[in-house]
Trainee: 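Questions regarding the structure given below will be posed in turn.
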2 protein chains.
Amino acid sequence: MTETLPPSSVGRAVHRTRPGTPRPGIPRQAAEAAILAAAERVFGLHGFRGASVNEIAREAGVPKPNIHYYFGTKEELYCSVLENIMTFWLRDADDWLVPERRAREGFEGYIRAKMAFSRERPDASRIFAYEVLQGAGNIHHYLSTTLREHVARRARTFEVWHRERQMPAIDPVHLMFAIWSMTQAYADMSAQISAVTGHAVLHDSDFEAGLQTILRLVLGFCNDIEDRA
Amino acid sequence: MTETLPPSSVGRAVHRTRPGTPRPGIPRQAAEAAILAAAERVFGLHGFRGASVNEIAREAGVPKPNIHYYFGTKEELYCSVLENIMTFWLRDADDWLVPERRAREGFEGYIRAKMAFSRERPDASRIFAYEVLQGAGNIHHYLSTTLREHVARRARTFEVWHRERQMPAIDPVHLMFAIWSMTQAYADMSAQISAVTGHAVLHDSDFEAGLQTILRLVLGFCNDIEDRA
DNA sequence: GTCTATACTGAGATAGAC
DNA sequence: GTCTATCTCAGTATAGAC
């Protein structure tokens, strides 16, 4: 909703609602969107405690008090950003990791989608990583209900695939965390990866090589059932 | 050096160096060790910017100014902790991922060692994760020299193993990051894993199930060469 | 509805007593 | 060498002008 809002749209929306009003400032809708986009960047850089409202205000091009006026406390703003992110979190799996698909096709599509997320919204991935590192206090309810059910659905998919001899039996929870950690590393650990490859920033070729490596690990695993047959 | 120092050793070391001195406080050696141990815990909980010198002083049981007296700035203390951690970082690979071993044995031993590290020193793992999330500014030199050469040595090991038909050819950098991200997840993402499993904290059985899953992905990959033969 | 000025708190750091 | 008291400053948040 806010993730692709260009900075220019903030300026575009500046207009005087009433002729006599001095310095009308940025209207509510554009300001809120700009603040959310800036908050995603700044929280993604420094985490919750490391980020300052000042920096978010500067990034968003709004006066600092407006952030409190629109969102209340810093924590409430942070939770708004987290909610925005988490709606995106689960979408891909419901497209790909479903019994109707072939196992190999499902895993490949899902892993490609997760790698695309790491490339396109690294700040969102990092905010989530910070939050989990901190102990996930702000999203514990979400993790232990919504995400847990989400994993349970994947478990049923894997069971079907296993019965159809498309993959071996495996612990679904730990397989999902293996896929999540490998793909999210290309956002969360990008500084480390780029330092080792010697590139100043991750190239398309780095994402492609990472994708191929992960695909070989996970799809190679699916082959195991054929070895035993 | 400091990682296994029990809190009790702090108290044990309290003694008066000179009879007439009023309130001698904790001697330097014990105080420094206590501060480093406390810093690892607190930085591991909140990251660099999120941690406060106050909290570290409280944890260590020393007055706040002593931290500045012994370590200078907060950042210098943080770098001392990082150095402590990084010496442990590379040790295991030089034991296991060497051409003298069999590929399967080497991968299994290495992955077991990394999982043990995540279980035994989760704070150390999390400090590293925070630092990399922040952009790795404090360890960039280390990553682009020491760690890079370390990965290059692994690349030579994998080449040998490949020539001996023990494993297929693969991008060594991305294989190492796959293993690191999967194993470190059991420290860095433990809050998320425990929320999904429903356990309040990770059990031994969770680490064991994770270990088996990772081993199957990586060792299954080694089997691929046999499929093609 | 928007923004300037400011209050209040806790941070890192230091001077100087003991 | 150690610790109490304090300084300075950035942080969040708010009161009130426009």
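A note on names: the letters A, B, ... follow the listed sequences, proteins ahead of strands, and every chain is numbered from 1. The structure displayed is predicted, hence computed values, not measured ones.
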Trainee: Return the value, rounded to whole Å, for the distance between atom CZ of B/Arg58 and atom P of C/dA11.
Mentor: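 Checked: the CZ to P distance equals 8 Å.
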Trainee: Tell me whether the OP1 or OP2 atom of D/dT14 has a side-chain N or O from A/His68 closer than 4.0 Å.
Mentor: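 Checking A/His68 against D/dT14: no side-chain N or O falls below 4.0 Å of OP1 or OP2.
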Trainee: State yes or no: are the ring centers of A/Tyr186 and B/His174 separated by less than 6.0 Å?
Mentor: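 That pair passes the under 6.0 Å test.
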Trainee: Tell me which pairs pass salt bridge (charged side-chain N to carboxylate O under 4.0 Å, His left out) where either residue lies in residues 56-70 of chain B, with sequence neighbours left out.
Mentor: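 Every salt bridge (charged side-chain N to carboxylate O under 4.0 Å, His left out) pair that includes a residue of residues 56-70 of chain B, provided the two are not neighbours, is B/Arg41-B/Glu59.
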Trainee: Name the residue closer to the 5' end of DNA chain C, choosing between B/Gly72 and A/Pro63 according to the nucleotide with the nearest heavy atom.
Mentor: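 Nearest-nucleotide comparison on DNA chain C picks A/Pro63.
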Trainee: Give B/Ala57 one of three labels, base, sugar-phosphate or nothing, depending on what nucleic acid heavy atoms sit under 4.0 Å from its own.
Mentor: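 No contact.
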Trainee: Quick one: B/Lys74 NZ to C/dG12 C1', roughly how many Å, whole number?
Mentor: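 Atom NZ in B/Lys74 sits about 8 Å away from atom C1' in C/dG12.
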Trainee: How many Å lie between CD on A/Glu76 and C1' on D/dA13, as a whole number?
Mentor: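 That distance rounds to 12 Å.
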Trainee: Is there a side-chain polar atom (N or O) of A/Tyr70 under 4.0 Å from OP1 or OP2 of C/dT2?
Mentor: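 Yes, because at least one side-chain N or O of A/Tyr70 sits under 4.0 Å from OP1 or OP2 of C/dT2.
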Trainee: So, does A/Tyr130 use its side chain to make a donor-acceptor pair with the main chain of A/Leu45 at under 3.5 Å?
Mentor: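 Yes, the answer is positive, given that a donor and an acceptor are paired below the 3.5 Å cut-off.
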Trainee: In plain terms, say whether A/Arg119 and A/Asp206 are close enough for a salt bridge, that is, a side-chain N and a carboxylate O under 4.0 Å apart.
Mentor: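 No, no charged N to carboxylate O under 4.0 Å.
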Trainee: Has the side chain of A/Arg126 got a donor or acceptor atom that lies under 3.5 Å from a matching backbone atom of B/Leu133?
Mentor: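 Flag not set: sc A/Arg126 to bb B/Leu133 has no pair under 3.5 Å.
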Trainee: Could you give the CZ-to-P distance, from A/Arg49 to C/dT9, as a whole number of Å?
Mentor: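 Nearest whole value for this atom pair: 18 Å.
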Trainee: Using atom CG of A/Leu77 as one end and atom P of D/dA13 as the other, report the distance to the nearest whole Å.
Mentor: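 After rounding, the reported distance stands at 10 Å.
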Trainee: Between C/dT2 atom P and A/Phe71 atom CZ, what is the distance in whole Å?
Mentor: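 After rounding, the gap between these two atoms is 12 Å.
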Trainee: Round to the nearest Å and state the distance from B/Ile56 atom CD1 to C/dG12 atom C1'.
Mentor: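 That distance rounds to 11 Å.
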Trainee: Among D/dT12, C/dA13, D/dT4, which is the nearest nucleotide to the side chain of B/Pro65?
Mentor: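 The nucleotide sitting nearest to the side chain is D/dT4.
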Trainee: Hey, can you tell me if A/His199 and A/His203 have their rings parallel, tilted or perpendicular (30° and 60° cut-offs)?
Mentor: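 The arrangement is parallel - the two ring planes meet at less than 30°.
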Trainee: Please determine if a side-chain N or O atom of B/Tyr69 lies less than 4.0 Å away from the OP1 or OP2 oxygen of D/dG1.
Mentor: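 So the side chain of B/Tyr69 is within the cut-off, an N or O lying under 4.0 Å from OP1 or OP2 of D/dG1.
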Trainee: Using the 3.5 Å cut-off, write out each protein N or O paired with an N or O of nucleotides 8-10 of chain D and the distance between them.
Mentor:
none

Trainee: Rounded to the nearest angstrom, tell me the gap between atom CG in A/Asn66 and atom C1' in D/dT12.
Mentor: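 Checked: the CG to C1' distance equals 15 Å.
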Trainee: Ring centroid separation for A/Phe107 and A/Trp96, is it under 6.0 angstrom?
Mentor: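 Centroid separation for A/Phe107 and A/Trp96: 6.0 Å or greater.
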